[in-house]
Student: 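Take this structure first; my questions come after.
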Amino acid sequence: MERTSVIRKMAAELRTRPNLVDYEATRRGFNWEIAHDALAGLPGGALNIAYETVVRHAGGRLRDHLAFRFLGQNGAVRDLSYGDLAALTARFANVLRGLDVVRGERVFVLAGRIPELYAAVLGGLRAGCAVSPLFSAFGPEPIATRLNLGQGAVLVTTESLYQRKVAKIRGELTTLRHVLLVSEGGETSGTPTDVEGTHNLGRLMAAASDDFPTVPTRPDELALLHFTSGTTGTPKGAMHVHGAVATHWATGLYALDLHPEDVFWCTADPGWVTGTSYGIIAPLLHGVTSIVDEGDFDAERWYRILNEQKVSVWYTAPTAIRMLMKAGPELAKRFTFPQLRFVASVGEPLNPEAVWWGKEVLGLPIHDNWWQTETGGIMIANVPALDIKPGSMGRPLPGVEAAIVREGKDGVVEVIEEPDVEGELALLRGWPSMLRGYLNNEERYRKCFSGVWYLTGDLARRDADGYFWFVGRKDDVIKSSGHLIGPFEVESALMEHPAVAEVGVIGKPDEMVGEVVKAFVSLKKGFEPSEALRMELLAHARKKLGAAVAPKEIDFATTLPRTRSGKIMRRLLKARELGLPEGDTSTLEAGA
Ligand code: AMP
């Protein structure tokens with residue numbers, strides 16, 4: 001090799017020296033003040049996510065640097081520099097002001113991964129509003145539930161999603177004052193102007209100024225609302241504050257190993273927390289370029305994106321990796337990934353074979369990491385500085401203390417010190433992106449804590465080397481394609497069908513997507529099980545809940561097992577479905 005190219009190669013290697021080289025020393029030397037000091041902040045101790053991610057960069061040397069490259073479904077590419085993004089967020093903030101939307105009001109966004117979504121999320125934050133991105137595959141019912149719970153004042157959506165999902169529930173959205181519609185295909189003709197408070201977003205944006213003084217929010221001021229599912233009741237609105245940005249910064253650095261020259265691709269949709277924390281905030285904080293694919297999963301398309309867009313850091317999910325594995329090695333062999341240098345995944349257990357598949361096909365093993373909506377950012381990870389233990393979630397990041405706990409005698413949890421013992425995964429409370437409450441549900445929030453510990457609801461174990469291993473969930477929530485689904489929400493939608501007497505919903509293990517949603521239904525008098533009724537119920541649920549949440553399977557049952565207090569025993573339904581021991585059935589109602 002020529003001397004100059006050797007030097008160039010060495011320089012490149014030096015540039016991409018992992019951010020986290022000595023795990024123990026970095027953990028010892030780290031505290032959250034360090035992360036806080038890396039942020040710019042605003043006068044008077046104020047902190048605003050939009051300022052940290054966009055505005056400060058646009059005023060400096062990153063002005064013309066690519067922030068996002070959007071790959072449209074139809075092959076169209078749209079690039080936004082940090083300067084462009086600053087202008088768009090200012091325009092959106094001015095649009096809100098023009099509509100008398102004030103600091104603290106809630107802005108919801110329901111859209112695919114289009115530039116307007118990103119401008120609205122960041123522009124809403126810049127205006128001091130709390131923002132809640134909703135998954136565009138939700139049906140009308142989950143949309144209405146979340147908007148009403150979150151007291152949405154503004155909804156940003158597209159004309160087609162509005163027509164398909166929102167128009168029919170508009171009357172139920174009592175707090176909603178404005179709907180801002182994105183015209184598809186540049187046309188504005190689809191925008192209904194007859195309903196008061198419905199506006200064409202493009203037109204308002206074009207007329208707005210691209211100058212806006214970022215609202216100096218407090219670090220503990222509400223910034224993002226992410227809805228997550230519990231076993232019972234309505235979804236929980238996890239409240240996240242502007243100060244969370246310190247976690248996004250530190251985890252972008254240590255868990256995703258972001259470097260300024262990176263091209264980063266987070267495949268998650270911003271309707272889920274990963275797509276906001278790591279599809280929007282963390283990469284912008286680090287001034288890197290993000291790829292956003294507007295299309296759905298397609299193995300060939302994904303390999304092509306990795307190759308053509310020269311992705312260097314890739315953050316994806318186990319279901320996607322399993323689907324790539326299924327697509328077979330022949331397809332993968334048609335592509336090379338010379339720029340790729342770090343791959344991570346999150347959301348559900350990553351099987352060891354998938355880690356090794358990464359090494360074989362992408363040339364890199366996959367670094368699994370763990371976190372949840374409530375933690376706001378990555379907490380436990382297989383970091384570059386440590387050997388990956390395939391099948392493990394890794395070790396706690398700098399600033400994070402994790403433990404395995406069990407309930408002690410007096411109801412206060414105690415830490416299990418011995419390795420390899422199963423218990424609940426807990427985190428020492430107080431990291432910056434920790435949720436600050438569930439909307440209107442103080443009691444449920446309080447239950448997340450015991451003394452100094454935040455209880456995750458996950459069962460896990462820690463090995464002698466300090467690696468954490470996922471065991472399962474403590475509750476009945478379902479993980480399907482990495483998305484958390486509450487059985488109660490599905491049961492409620494099915495109960496609305498006139499034939500249904502009672503419903504129990506479980507997650508049925510599935511090799512590809514982790515779990516599929518399966519419902520057991522007993523029918524009211526006068527209705528008989530039939531294939532036609534099964535199809536009708538599936539269609540009913542899909543229409544109400546949307547494809548992301550609706551059950552894939554429905555079985556009829558004459559009765560469902562209930563506790564003596566009348567609660568359907570999903571655990572038992574699941575055990576019976578899987579042919580597993582039924583466990584403790586002492587609370588089972590006689591005859592069930
Ligand atoms: P969500 O709040 O939707 O992000 O879901 C969080 C839940 O996903 C966690 O509580 C875990 O049950 C699961 N989860 C996330 N990451 C992992 C992982 N790396 N391995 C196993 N389960 C995971």
Side-chain angles (χ1 to χ4, degrees), residues 133-135 137-138 142 146 224-231 235-240 247 251 255-256 266-279 315-322 343-352 354-355 358 366-383 388-397 400 402 404 422 424-427 433-435 438 448 454-462 467-487 489 507 509 513-515 517 548-549:
L134 295 180
F135 192 41
F138 279 154
R146 286 160 179 76
L224 289 154
L225 269 177
H226 284 294
F227 289 88
T228 182
S229 298
T231 316
K236 300 172 284 181
M239 299 159 78
H240 287 288
T247 303
T251 51
L256 298 178
C266 167
T267 59
D269 187 279
W272 305 96
V273 69
T274 307
T276 305
S277 294
Y278 298 99
Y315 193 26
T316 189
T319 293
I321 292 165
R322 288 192 291 266
V343 183
S345 110
V346 72
E348 25 164 350
L350 182 72
N351 9 353
V355 176
I366 298 167
H367 294 74
D368 190 24
N369 60 50
W370 177 96
W371 58 294
Q372 55 182 191
T373 304
E374 286 83 348
T375 70
I378 304 168
M379 297 282 108
I380 295 177
N382 283 283
V383 289
I388 294 177
K389 286 206 186 188
S392 136
M393 308 185 288
R395 299 182 65 183
L397 287 177
V400 176
I404 301 296
E422 193 180 308
E424 183 165 3
L425 175 61
L427 303 167
S433 65
M434 186 182 87
L435 83 161
Y438 290 123
C448 292
Y454 163 76
L455 306 171
T456 67
D458 278 3
L459 298 172
R461 58 187 175 79
R462 183 180 46 81
Y467 284 70
F468 285 78
W469 299 75
F470 182 76
V471 172
R473 287 284 308 182
K474 259 185 91 183
D475 56 16
D476 294 335
V477 290
I478 299 161
K479 255 281 157 133
S480 191
S481 300
H483 302 148
L484 205 65
I485 296 169
E489 205 167 12
V513 298
E515 291 182 314
V517 180
V549 185

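Atoms considered below: every heavy atom in the structure, side chains included; atoms not considered: hydrogens, waters and symmetry mates. When a ligand or atom number is given, it counts from 1 through the structure's own listing order.
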Student: Counting only heavy atoms, tell me which of Asn382, Thr373, Leu350 gets closest to atom 1 (P) of ligand 1.
Tutor: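 Answer by nearest heavy atom: Thr373.
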Student: Return the option from Asp458, Thr456, Thr228, Asn369 holding the heavy atom at the smallest distance from atom 9 (C) of ligand 1.
Tutor: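 Nearest option to atom 9 (C) of ligand 1, by heavy atoms: Asp458.
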Student: Is His483 touching ligand 1 with its side chain, its backbone, both, or neither, if touching means heavy atoms under 4.0 Å apart?
Tutor: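 Looking at His483 and ligand 1, no heavy atom falls under 4.0 Å.
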Student: Identify whether the distance between the nearest side-chain nitrogen and carboxylate oxygen of Asp458 and Arg473 falls below 4.0 Å.
Tutor: yes
Student: Has the side chain of Asn369 got a donor or acceptor atom that lies under 3.5 Å from a matching backbone atom of Val346?
Tutor: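 No, the answer is negative, given that no donor and acceptor are paired below the 3.5 Å cut-off.
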Student: Checking a contact table here: which protein heavy atom is nearest atom 18 (C) of ligand 1, and how many Å away?
Tutor: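 Ranking protein heavy atoms by distance from atom 18 (C) of ligand 1, first comes Glu348 O, 3.5 Å.
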Student: Between Thr251 and Tyr278, is any side-chain donor less than 3.5 angstrom from a side-chain acceptor?
Tutor: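 Yes.
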Student: Do you know the tightest heavy-atom contact between Ile378 and Leu397?
Tutor: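 Reported closest heavy-atom pair: O-CD1, 3.4 Å.
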Student: Among all protein heavy atoms, pick the one closest to atom 3 (O) of ligand 1 and tell me residue, atom and distance.
Tutor: Leu484 CB, 3.4 Å
Student: Could you tell me whether some N/O pair between Gly347 and ligand 1 is separated by less than 3.5 angstrom?
Tutor: yes
Student: In terms of residue, atom name and distance, what is the protein heavy atom nearest to atom 6 (C) of ligand 1?
Tutor: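 Looking only at protein heavy atoms, the one closest to atom 6 (C) of ligand 1 is Gln372 CB, 3.3 Å.
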Student: Could you list the atoms of ligand 1 found under 4.0 angstrom from a heavy atom of Pro349?
Tutor: 20 (N), 21 (C), 22 (N)
Student: May I ask you to check if ligand 1 and Glu374 share an N or O to N or O distance below 3.5 Å?
Tutor: no
Student: Under 3.5 Å, side chain of Ser481 to main-chain N/O of Val513, donor-acceptor pair present?
Tutor: no
Student: Between the side chains of Glu348 and Arg322, is the shortest nitrogen-to-carboxylate-oxygen separation below 4.0 Å, so that they form an ion pair?
Tutor: yes
Student: Evaluate the ring planes of His483 and Trp272, with Trp represented by its six-membered ring, and classify them as parallel (under 30°), tilted (30 to 60°) or perpendicular (over 60°).
Tutor: parallel
Student: Tell me the nearest of Trp469, Trp371, Phe227 to atom 15 (C) of ligand 1, using heavy-atom distances.
Tutor: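 Ranked by closest heavy atom to atom 15 (C) of ligand 1, first place is Trp371.
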Student: Would you check the N or O atoms of Lys479, main chain and side chain alike, for any that come under 3.5 Å of an N or O of ligand 1?
Tutor: yes
Student: Can Thr316 and Thr267 be counted as having a side-chain donor-acceptor contact under 3.5 angstrom?
Tutor: yes
